[in-house]
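Because the structure is predicted, anything quoted here is derived from the model rather than measured.
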Amino acid sequence: MSQALPPKIAELPSGKDAPETPIESIPGIVNNMIEPMIVFKIQDIVFGLPRSQVMQSGFFRGMLESPHLGDSKEGTLEKPITFDERTGITPEDMKYFCSVLDIRAFQQPPKLAPAQWASAYRLAKMWEFEQLRDYIFKFLDKSVKDPFERIEFADMLGVETWIIPALAEICRRDKTLTVEEGTRLGFTRLLQVCKQRERGRSQYEISDYETWLGKSEE
């Protein structure tokens with residue numbers, strides 16, 4: 001079992017090693033649990049999550065409660081909810097998501113790198129775990145400081161509110177842009193930044209650049 005997963009979240013064997021017994025009777029994994037599990041298969045790895053937690057998701061709640069979707073075996077070892085390579089979801093993404101899913105208010109959050117927080121946020125947003133998404137976002141926001149990284153994560157996760165403040169920070173800094181940084185910005189944003197930097201960086205505040213950049217986006 002993965003050390004990164006909290007006690008109530010089980011990572012189960014799959015493929016030829018997958019157990020044929022019902023999930024409720026697998027020794028040492030869910031015997032002590034008082035609620036049923038929903039089983040997911042992420043590529044070749046099978047995960048079991050408590051049903052009460054899964055049902056906090058608007059996406060999965062609609063899937064499991066709808067009489068027109070799936071069947072009574074949906075989310076079992078026999079018929080796990082499957083996300084293959086085409087979905088872009090990896091077992092590692094699921095592990096980071098699981099490491100946050102069972103956190104309580106009085107517990108310390110897991111120590112994740114920005115990219116790992118981003119993986120957890122992406123799944124929480126995709127699967128409509130609204131409270132969990134907002135919880136993860138607080139830590140993601142604190143962990144990503146570099147303006148270039150904030151722009152890249154904003155594009156990847158759809159966090160549009162990060163983009164203009166990050167561009168404004170780049171406009172305001174004294175250090176000259178490098179070729180690598182220009183490539184990371186992309187042609188259109190690089191032009192925007194260069195245009196605003198010509199105004200004279202020492203004379204203006206970041207809020208001024210945010211205003212000008214916001215107008216150029218309209």
Side-chain angles (χ1 to χ4, degrees), residues 1-15 29-30 37-61 75 80-167 169-170 180-181 183-186 189:
M1 185 179 297
S2 170
Q3 295 295 319
L5 302 185
K8 288 189 177 182
I9 298 177
E11 181 183 338
L12 310 178
S14 62
I29 295 181
V30 295
M37 302 282 278
I38 302 296
V39 182
F40 295 81
K41 186 175 182 182
I42 312 296
Q43 297 184 17
D44 293 327
I45 304 296
V46 178
F47 295 84
L49 304 182
R51 182 181 176 87
S52 63
Q53 293 180 331
V54 175
M55 296 305 282
Q56 296 173 20
S57 157
F59 179 85
F60 293 122
R61 190 167 59 249
I81 299 173
T82 301
F83 295 91
D84 60 22
E85 291 85 349
R86 292 172 295 180
T87 66
I89 300 172
T90 68
E92 288 72 24
D93 292 334
M94 189 66 165
K95 288 179 183 179
Y96 302 139
F97 174 80
C98 290
S99 71
V100 183
L101 180 62
D102 202 44
I103 292 294
R104 299 291 183 262
F106 57 85
Q107 294 176 309
Q108 289 293 322
K111 295 181 179 180
L112 301 179
Q116 296 167 344
W117 280 115
S119 291
Y121 178 82
R122 184 170 72 94
L123 296 190
K125 182 179 180 181
M126 179 189 304
W127 292 337
E128 300 174 15
F129 285 88
E130 294 182 358
Q131 291 185 337
L132 183 64
R133 176 201 62 202
D134 295 343
Y135 173 83
I136 294 171
F137 184 79
K138 292 189 300 182
F139 294 97
L140 178 64
D141 190 25
K142 293 177 182 178
S143 68
V144 184
K145 302 296 185 183
D146 178 79
F148 294 94
E149 288 187 353
R150 286 180 76 84
I151 291 169
E152 291 166 345
F153 280 119
D155 287 339
M156 179 175 66
L157 302 172
V159 186
E160 295 184 2
T161 55
W162 280 7
I163 295 175
I164 287 180
L167 289 172
E169 185 177 343
I170 295 169
E180 179 185 357
E181 289 172 338
T183 301
R184 293 174 71 182
L185 285 175
R189 286 176 180 159

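The salt bridge (charged side-chain N to carboxylate O under 4.0 Å, His left out) search around Asp84 returns Arg86, not counting sequence neighbours. Not counting sequence neighbours, the partners of Met55 by the side-chain contact (heavy atoms from CB on, under 4.5 Å) test are Arg51, Arg61, Leu64, Glu65. Not a single side-chain hydrogen bond (donor to acceptor under 3.5 Å, both in side chains) links Glu169 to another residue, sequence neighbours left out. Scored by the side-chain contact (heavy atoms from CB on, under 4.5 Å) test, Thr161 finds Val159 as partners (sequence neighbours excluded). Not counting sequence neighbours, the partners of Glu152 by the side-chain hydrogen bond (donor to acceptor under 3.5 Å, both in side chains) test are Arg184. The side-chain hydrogen bond (donor to acceptor under 3.5 Å, both in side chains) test applied to Asp155 returns Arg189, not counting sequence neighbours. Evaluation of the side-chain hydrogen bond (donor to acceptor under 3.5 Å, both in side chains) rule for Asp134 yields no partner, not counting sequence neighbours. Checked against ring pair (Phe, Tyr, Trp, His ring centres under 6.0 Å), Phe60 has the following partners two or more places apart in sequence or in another chain: Phe40, Trp127. Residues meeting the side-chain contact (heavy atoms from CB on, under 4.5 Å) test with Pro114, sequence neighbours left out: Ser143, Val144, Phe153. Listed by chain and number, the residues in a salt bridge (charged side-chain N to carboxylate O under 4.0 Å, His left out) with Glu181 are Arg173 (sequence neighbours excluded). Every residue meeting the side-chain contact (heavy atoms from CB on, under 4.5 Å) condition with Asp141, not counting sequence neighbours, appears here in chain and number order: Phe137, Arg150, Trp162.
Of the inter-residue distances, the one linking Met156 atom CE with Ile151 atom CD1 reads 13.5 Å to the nearest 0.5 angstrom.
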Exercise. Kindly indicate, with the supporting measurements, whether the criterion side-chain contact (heavy atoms from CB on, under 4.5 Å) is fulfilled by Val100 and Trp117.
Key: CA-CA 9 Å; Val100 183; Trp117 280 115; 3.8 Å; yes
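The stretch residues 114-130 participates, sequence neighbours left out, in these salt bridge (charged side-chain N to carboxylate O under 4.0 Å, His left out) pairs: Asp93-Arg122.
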